[in-house]
Amino acid sequence: MTKDNDYISKRKFMEELDRYRRGSVTRRHFLGVTGLGTATAVLGAAVPALRPRQAWGQGSIGDRVVLATWPNYHDPANFDAFTEATGAAVDVNVFGSNEEMLAKLQAGGSGWDVFVPTNYTITTYVGENLIEPLDAARMPNFDPAAFDQRFAGPGIVDGTLYAVSKNWGTTGYAVNISKNNDVTPTTWKEFWDMTMDSFSGRTMVHDYQLTTIGNALKYFGYSFNSVDPKELADAEKLLLDAKPHLFAINSDYQPSMRSGDAWMTMCWTGDGKQMNRDMPEIVYVLGKEGGELWSDFYAIPKGAPHLDAAYALIDFLLTPDVNAKEAAFHGYPVADSRVNALLPPEVLNDPILYPAAELLDALEFGAAATLTDPNRAELLARFKSA
């Protein structure tokens, strides 16, 4: 029998349910945190998303596929449709940084079938033999000619296809302007200055060295990708000065922003769109000084335990009408012209998704050197432990 102090509050339960529905946490996490693990069979009748999936039978792709991805990045209804079509359940593992993903794969035994790396990491995965070359013939919905090569190109290394384009986007920040006299800031300098002043105790930054360090570097006008020791020292001082004023260091920031516990956070395009759509007072900002432009991919790690299911899931998610549903749900731009043709004009003209040229031109793609640079890794570790 559950003890009284084992119960979670109604608010906490609803937050965890919302995170599960948005794909921020796995089914296992949701059941464990809410104490519902032993009640899954009972809940299955009332909550179809919690029902165990059955194997498809002889000759199928198997009964499961494991996807490692970012928070709030998929429409759960598409996973349900994939399961209905194939009999394979989609188990979602959520991570908060490319460093975390790299470390997991380097350690071995991740159990992942499909993962979602960012453009600047793919050459590292190829160099460390952690990623499978892809067989395009097993993905009939993949049409290379349909993709904008500015965003899809990093998936090809030395003439070999290792990853196919999922989405692209930007890294800016989201701010609740109702807490700032309805004034929208426009720069990274304002972000950090507000953090240490009027928004003290209400700001979140990513648990991710590329963006947290990169956007501290922008305060000084340095490159987002800098590995220069002097410039990193300036960024570290700023981060350590800001640390006592932070609400949290966490890449899953939507629950705190939506509840009003946090007022400002580093933010990716889709999260900014999702929050602005539901709460117009939360505005997405690209700092005028620049920042990150990125593209994400579907890839298969070496030794994927359910290889047939991995190809089936990638191909399913590349189906234009399925991918259009994904885009409508998560709010990230798509590099596939077939998908864009299915999206309404208000999406293609949205300034959050497709920023003005002067803002977009100031952004930088992440550099491969930042992924394994020891100085940046050590800086983030010192910042988090301070």
Side-chain angles (χ1 to χ4, degrees), residues 22 70-75 118-119 147-152 165-192 194 199 203-206 210-211 214-215 218-219 224 251 253-254 257-258 262-296 323-366:
R22 291 187 285 106
W70 299 84
N72 316 309
Y73 213 12
H74 300 272
D75 184 349
T118 303
N119 52 280
F147 287 87
D148 183 334
Q149 288 306 299
R150 175 173 51 162
F151 304 113
S165 178
K166 180 191 186 302
N167 293 102
W168 66 273
T170 60
T171 304
Y173 59 94
V175 55
N176 188 329
I177 60 171
S178 71
K179 309 297 185 182
N180 195 45
N181 298 316
D182 291 328
V183 175
T184 302
T186 61
T187 66
W188 281 109
K189 185 176 189 308
E190 288 173 280
F191 174 90
W192 292 108
M194 288 168 62
F199 275 36
T203 299
M204 298 179 69
V205 298
H206 290 157
L210 181 74
T211 52
N215 292 321
K218 297 314 298 180
Y219 184 93
F224 180 86
S251 297
Y253 39 80
Q254 281 207 42
M257 286 292 292
R258 289 174 179 271
W263 297 349
M264 187 164 66
T265 182
M266 287 187 187
C267 183
W268 292 297
T269 305
D271 289 307
K273 182 59 187 175
Q274 290 169 36
M275 290 188 287
N276 178 256
R277 180 177 59 206
D278 299 338
M279 301 175 66
E281 66 272 24
I282 298 179
V283 176
Y284 183 69
V285 176
L286 282 179
K288 289 181 179 179
E289 306 96 331
E292 184 191 20
L293 177 67
W294 51 263
S295 54
D296 280 348
N323 206 349
K325 293 174 185 174
E326 288 277 289
F329 178 86
H330 57 52
Y332 286 94
V334 178
D336 186 341
S337 60
R338 300 170 302 170
V339 177
N340 289 332
L342 300 175
L343 298 176
E346 59 266 26
V347 171
L348 299 176
N349 295 322
D350 190 310
I352 294 179
L353 307 184
Y354 301 92
E358 63 270 18
L359 292 174
L360 203 59
D361 290 346
L363 303 178
E364 303 170 64
F365 280 104

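Values below: every heavy atom of this structure, side chains too, minus hydrogens, waters and symmetry copies. For this chain, numbers begin at 1 and follow the sequence in order.
- In this pair, Y253 and W268 present their aromatic rings tilted. The plane angle is within the 30 to 60° band.
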Could you walk me through whether M264 and M204 pass side-chain contact (heavy atoms from CB on, under 4.5 Å), step by step? CA-CA 6 Å; M264 187 164 66; M204 298 179 69; over 6 Å; no
Under the criterion side-chain contact (heavy atoms from CB on, under 4.5 Å), I'd like the reasoning laid out for L210 against E292: C-alpha separation, chi angles, the key distance, then a yes or no.
CA-CA 9 Å; L210 181 74; E292 184 191 20; 3.2 Å; yes
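- Residues that satisfy the side chain to side chain donor-acceptor pair (under 3.5 Å) test with S165, not counting sequence neighbours, are absent from this structure.
- Taken to the nearest 0.5 Å, the CD1 atom of I282 stands 11.5 Å off from the CD atom of Q274.
- When the salt bridge (charged side-chain N to carboxylate O under 4.0 Å, His left out) test is applied to D336, the partners found at least two apart in sequence or on another chain are R338.
- Residues T269 and G331 share a closest heavy-atom pair of CG2-O, 3.8 Å.
- Side chain of N349 to backbone of P345: a donor-acceptor contact under 3.5 angstrom is found.
- Residues W294 and N167 share a closest heavy-atom pair of CZ3-O, 3.9 Å.
- In this structure, A262 and M257 approach most closely via the heavy-atom pair O-SD, 3.5 Å.
- Interatomic distance, CG of D182 versus CD1 of I177, reported as 5.0 Å (0.5 Å rounding).
- Residues P185 and V175 come closest through the heavy atom pair CD-CG1, 3.9 Å.
- A heavy-atom distance below 4.5 Å is found between the side chains of N72 and Q254.
- Judged as a side-chain contact (heavy atoms from CB on, under 4.5 Å), and not counting sequence neighbours, the contacts of P344 are E346, V347.
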Please set out all donor-acceptor pairs under 3.5 angstrom arising from side-chain atoms of residues 354-365, sequence neighbours excluded.
| residue | atom | partner | partner atom | Å |
| --- | --- | --- | --- | --- |
| E364 | OE1 | S223 | OG | 2.7 |
| E364 | OE2 | F224 | N | 2.8 |

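- Considering only residues two or more places apart in sequence or on other chains, W188 meets the ring pair (Phe, Tyr, Trp, His ring centres under 6.0 Å) condition with Y173, F191.
- Contact annotation: the side chain of K166 never approaches that of V334 to less than 4.5 Å [non-hydrogen atoms, C-beta and beyond].
- Contact check for C267 versus M275: side-chain heavy atoms found under the 4.5 Å cut-off.
- In this view, K288 satisfies the salt bridge (charged side-chain N to carboxylate O under 4.0 Å, His left out) rule with no residue, not counting sequence neighbours.
- Judged as a salt bridge (Lys or Arg N to Asp or Glu O under 4.0 Å), the pairs with a partner in residues 347-357 (not counting sequence neighbours) are, in order, K273-D350.
- For F151, the ring pair (Phe, Tyr, Trp, His ring centres under 6.0 Å) test picks out W168, with sequence neighbours left out.
- K179 is linked by a salt bridge (charged side-chain N to carboxylate O under 4.0 Å, His left out) to nothing, counting only residues two or more places apart in sequence or in another chain.
- Take T187 and apply the side chain to side chain donor-acceptor pair (under 3.5 Å) test, not counting sequence neighbours, and it matches E190.
- Side-chain polar atoms of T171 and T211 form no donor-acceptor pair below 3.5 angstrom.
- For D278, the salt bridge (charged side-chain N to carboxylate O under 4.0 Å, His left out) partners are R258, not counting sequence neighbours.
- Here the CG-CD1 distance, from D271 to I352, works out to 11.0 Å after rounding to the nearest 0.5 Å.
- Remark: E281 pairs with N176, S178, M279 by the side-chain contact (heavy atoms from CB on, under 4.5 Å) rule, at least two apart or across chains.
- The nearest pair of heavy atoms linking K189 to E289 is N-OE2, 3.1 Å.
- Nearest heavy-atom pair across L286 and Y284 is CD2-OH, 3.8 Å.
- Panel note: side chain D75, backbone E326; no donor-acceptor pair is recorded below 3.5 Å.
- Counting only N and O atoms by type, the side chains of D296 and Y332 include no donor and acceptor under 3.5 Å apart.
- Counting heavy atoms from C-beta outward, W192 and V205 have side chains that approach closer than 4.5 Å.
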